[in-house]
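Shown next, in structure tokens, is the structure this report addresses.
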Amino acid sequence: MTLLCRLDDIGVPGSKGFTLGERGARRKLFVVRDEHGVYAYENLCPHGRGPLEWIEDQFLNLDCDHIQCTQHGAIFRFSDGLCVLGPCVGESLTAAPIKVRDGEIFLTG
């Protein structure tokens with residue numbers, strides 16, 4: 001397991017990005033949090049195949065109730081990463097397995 005951050009480091013709702021690994025073997029992902037839980041996804045839009053954010057740690061739309069790709073405006077649900085609006089409707093973000101334990105968020109896979 002890899003410690004990502006403390007749960008308190010992410011607001012409700014909120015998001016935070018992470019880059020793990022060394023050059024050539026980097027893995028980019030992000031964690032989002034809402035009143036229902038904490039979810040993690042690979043930082044890769046299924047439409048544009050690029051990162052979702054332009055500004056560090058900002059993965060949410062203006063209402064902070066969905067994940068938004070800043071490249072193409074695609075809107076994704078927190079709970080399962082499903083695109084509900086935009087050029088990749090019906091496609092999903094790739095989930096990253098996490099576990100919350102003792103107030104900390106760990107990547108488990």
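Here, residue 1 is the first one in the sequence, and each next residue gets the next number.
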Open item on the list: Just to verify, what does Ser92 make a side-chain contact (heavy atoms from CB on, under 4.5 Å) with, not counting sequence neighbours?
Closed with: Leu82
In a table with atom names and distances, give each donor-acceptor pair under 3.5 Å that connects a side chain of residues 71-79 to protein atoms at least two apart or in another chain.
{"unit_1": "Gln71", "atom_1": "NE2", "unit_2": "Pro51", "atom_2": "O", "d": "2.7"}
{"unit_1": "Arg77", "atom_1": "NE", "unit_2": "Asp80", "atom_2": "OD1", "d": "3.1"}
{"unit_1": "Arg77", "atom_1": "NH2", "unit_2": "Asp80", "atom_2": "OD1", "d": "3.4"}
{"unit_1": "Arg77", "atom_1": "NH2", "unit_2": "Asp80", "atom_2": "OD2", "d": "2.5"}

Task: Residues which pass side-chain contact (heavy atoms from CB on, under 4.5 Å) with Asp102, listed by chain and number, not counting sequence neighbours - done: none
Open item on the list: So, using side chain to side chain donor-acceptor pair (under 3.5 Å) as the criterion, who are the partners of Glu42 when residues are at least two apart?
Closed with: Arg27
Task: Gap separating the CG atom of Leu4 from the NZ atom of Lys99, nearest 0.5 angstrom - done: 14.0 Å
TODO: Could you tell me whether the side chain of Leu7 reaches within less than 4.5 Å of the side chain of Val100, counting heavy atoms only?
DONE: yes
TODO: Please answer whether the main-chain N or O of Leu52 pairs with a side-chain N or O of Asn43 as donor and acceptor at a distance below 3.5 Å.
DONE: yes
Task: Set of side-chain contact (heavy atoms from CB on, under 4.5 Å) partners for Glu91, sequence neighbours left out - done: Pro46, Cys88
Task: Tyr41 (side chain) donor-acceptor with Gly81 (main chain) under 3.5 angstrom - done: yes
Open item on the list: Checking Arg101 now: which residues fulfil salt bridge (Lys or Arg N to Asp or Glu O under 4.0 Å) with it, not counting sequence neighbours?
Closed with: none
- [ ] Can you sort out the partners of Glu53 under salt bridge (Lys or Arg N to Asp or Glu O under 4.0 Å), two or more places apart, ordered by chain and number?
- [x] none
TODO: Please round to the nearest 0.5 Å and tell me the distance separating atom CG of Leu93 and atom SG of Cys69.
DONE: 9.0 Å
Enumerate, atom names and distances included, each donor-acceptor pair closer than 3.5 Å involving a side-chain atom of residues 56-64, sequence neighbours excluded.
{"unit_1": "Asp57", "atom_1": "OD1", "unit_2": "Gly17", "atom_2": "N", "d": "2.7"}
{"unit_1": "Asn61", "atom_1": "OD1", "unit_2": "Cys64", "atom_2": "N", "d": "3.0"}
{"unit_1": "Asn61", "atom_1": "OD1", "unit_2": "Asp65", "atom_2": "N", "d": "3.0"}
{"unit_1": "Asn61", "atom_1": "OD1", "unit_2": "His66", "atom_2": "N", "d": "3.2"}
{"unit_1": "Asn61", "atom_1": "ND2", "unit_2": "Asp65", "atom_2": "OD1", "d": "2.9"}

Task: Hydrophobic cluster partners of Leu3 (side-chain heavy atoms under 4.5 Å) - done: Met1, Phe106
- [ ] Sequence neighbours left out, what passes side chain to side chain donor-acceptor pair (under 3.5 Å) with Arg6? Give chain and number order.
- [x] none
Task: side-chain contact (heavy atoms from CB on, under 4.5 Å) evaluation trace for Tyr39 with Asp34 - done: CA-CA 9 Å; Tyr39 315 93; Asp34 67 8; 3.7 Å; yes
TODO: Kindly indicate whether the side chain of Leu29, heavy atoms from C-beta on, has any atom under 4.5 Å from the side chain of Leu44.
DONE: no
Open item on the list: Do Ile98 and Val38 make a side-chain contact, defined as non-hydrogen atoms from C-beta onward lying under 4.5 Å apart?
Closed with: yes
Task: Cys5: partners by side-chain contact (heavy atoms from CB on, under 4.5 Å), with sequence neighbours left out - done: Asp9, Ile10, Lys16, Phe18, Ile105
